[in-house]
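Proteins come first, then strands; the chains are lettered A, B, ... in the order of their sequence lines, and each starts at number 1. None of the values given here were measured: they were computed from a predicted structure.
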Protein chains: 2
Amino acid sequence: MPTAIRGKTSKPDTELPAAAQVVEFVRRQIEAGRLRPGDRLPAERDLAEEIGVSRPSLRSGLQTLQALGVIQSRQGAGTFIAAGPPRLGGAPLSFLAALHGFTRDEMFEARRVLELGAASLAAERATQERITALADEVAAMFASLDDPQEFLIHDVQFHKAVATASGNPVLATLIDTISALVYETRKLTVERAHDLKESAEMHRRIYRAIKAGDPEKARDEMGTHLALARQAQASEEEARPAKRANSGRQV
Amino acid sequence: MPTAIRGKTSKPDTELPAAAQVVEFVRRQIEAGRLRPGDRLPAERDLAEEIGVSRPSLRSGLQTLQALGVIQSRQGAGTFIAAGPPRLGGAPLSFLAALHGFTRDEMFEARRVLELGAASLAAERATQERITALADEVAAMFASLDDPQEFLIHDVQFHKAVATASGNPVLATLIDTISALVYETRKLTVERAHDLKESAEMHRRIYRAIKAGDPEKARDEMGTHLALARQAQASEEEARPAKRANSGRQV
DNA sequence: GAGGGTCAGATGGTCGGACCATTGGTGACT
DNA sequence: AGTCACCAATGGTCCGACCATCTGACCCTC
């Protein structure tokens, strides 16, 4: 049927796929400030009618938003805009790692670049409140020298606190994303760790440099710490027979 | 022949949501090496049966994977594992920016941290081939001093080439993600740019530092360049009446 | 026989409707 | 007044159908 043209000059083919329309709709609502973190979206049946797509298509779009970490659904309750601190779900990076074979060393190196920058910025402009948060974590680390799992939690939180203290939420989000991946493997090997005390000491030196407002020193201390941490994790890894059979599993 | 009983007989429960099952299935295939970039997935109807979910649920899962940039569908052709260089779709960061009000300065600062690290690493270990790629982009910039849009393209590609030359794909992916956002706004203002020649000169100095294998100098030159670029873009922005009315739109 | 145009099957995209599972509030019962 | 059971609202899943697009094989023309 060559004659059947559906282009329609009035409505050029500008129409996006239905799912994309939903994403765009929500995006505009967010950018206009009509939807804020924690807010609840209309029920799917209502929202579908409002946007002008079917419910399956609407759900398709919402599925995308959920994958991006923008919304969160609870059966029986409703769909909500993600609340809490900015969080770039670890899933994307995790998939890229599996697809393209990112190695643990590469992840570690990227993390190093980000954390060095964050430490430097934190030393320049951390507020008193955030410096206190750092001190709390350092204290908690010293208090849990005999409990590796607990120690690791405060280790992670210290690094997160440094990222926050940098005052740059973009940087903090990126660090959080990578740290989540590193944490997963670290959790399995930390039991074999030794010298937790030395690790705590290093964190304390980082804290002091930030508190003193010395960017170069903060960067150096963080660099030293990460270099040793990387080495430590590698040895923890070796101490375990581990499974080498898998081909594509790096991270 | 049970008339219409829906499964659930032997499987106790603990089953993930249908969409998550699909994601997990594909993830395992990728990690096991059975699915590689460029490969085609089975048709939706077949795949749904294989995994044991309905087609709508399967599509829900595929929608998630598409949002993460893992797969790409083409109507009439099939669904394929994403090929090409690692790419973390800009959508996630873009949404976070809208949700939490990341400012352009914060994006720029995060980019600065990443690019400084990349420049430093590139100077340490760039291969001859990748150094040549840098040289090509610098030359292309000098050749397009009278064409701002073309100049901008090579500007972006130069930075991308530096990220690649760092030899760390994780870093390159993160830089690419942030650059995509910055590029969007820059494209609109570059026409007002002046001193393209000086910009090209700065890129050349960065290139030389990398070629000379001098990490500190590469880092410094990149830092100088980004500081000036940020300042330049700010003035380009001011030169335009622009729309200030929007409340939540920062990036 | 070779080339190009055409048609059918495959495949993803959309839709409407239906039913299930969970949640949270409300009203009835004690 | 307190507790509990019920029910409406809402997201989760599924079915079947039809449309839009692409791919490849078939057929007609030269």
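- Atom-to-atom, CD1 of B/I71 to C1' of C/dG12 comes out at 11 Å; the value is rounded to the nearest Å.
- A cation-pi arrangement is not found for B/R186 relative to B/Y183, the charged atom failing to lie both closer than 6.0 Å to the ring centre and inside a 45° cone about the ring normal.
- Contact annotation: A/S54 side-chain N/O to C/dT14 OP1/OP2 distance is not under 4.0 Å.
- Within the 4.5 Å cutoff, side-chain heavy atoms of A/Q149 are placed close to those of A/K187.
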Please step through side-chain contact (heavy atoms from CB on, under 4.5 Å) for the pair A/H154 and A/S144, ending with a clear verdict.
-> CA-CA 9 Å; A/H154 292 294; A/S144 56; 4.2 Å; yes

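- As a whole-Å value, the separation of B/E49 CD from D/dG16 P is 13 Å.
- When rounded to the nearest whole Å, the span between CG of B/L65 and P of C/dG12 equals 14 Å.
- Legend: residues meeting salt bridge (Lys or Arg N to Asp or Glu O under 4.0 Å) with B/R28, ordered by chain and number and at least two apart, are B/E24.
- Atom C1' of nucleotide C/dT22 and atom CZ of A/F80 are separated by 13 Å, given to the nearest angstrom.
- Spacing between atom CD of B/Q63 and atom C1' of C/dT14 amounts to 12 Å, rounded to whole angstrom units.
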Tell me, for nucleotides 6-11 of chain D in 5' to 3' order, what letter each nucleotide earns: B for a base near a protein heavy atom under 4.0 Å, S for only sugar-phosphate near one, - for neither?
-> ----BB

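- Atom CG of A/L58 and atom P of D/dG12 are 11 Å apart (whole Å).
- A 4.5 Å side-chain heavy-atom check between A/E109 and B/V170 finds every atom pair outside the cut-off.
- Not a single salt bridge (Lys or Arg N to Asp or Glu O under 4.0 Å) links A/E137 to another residue, sequence neighbours left out.
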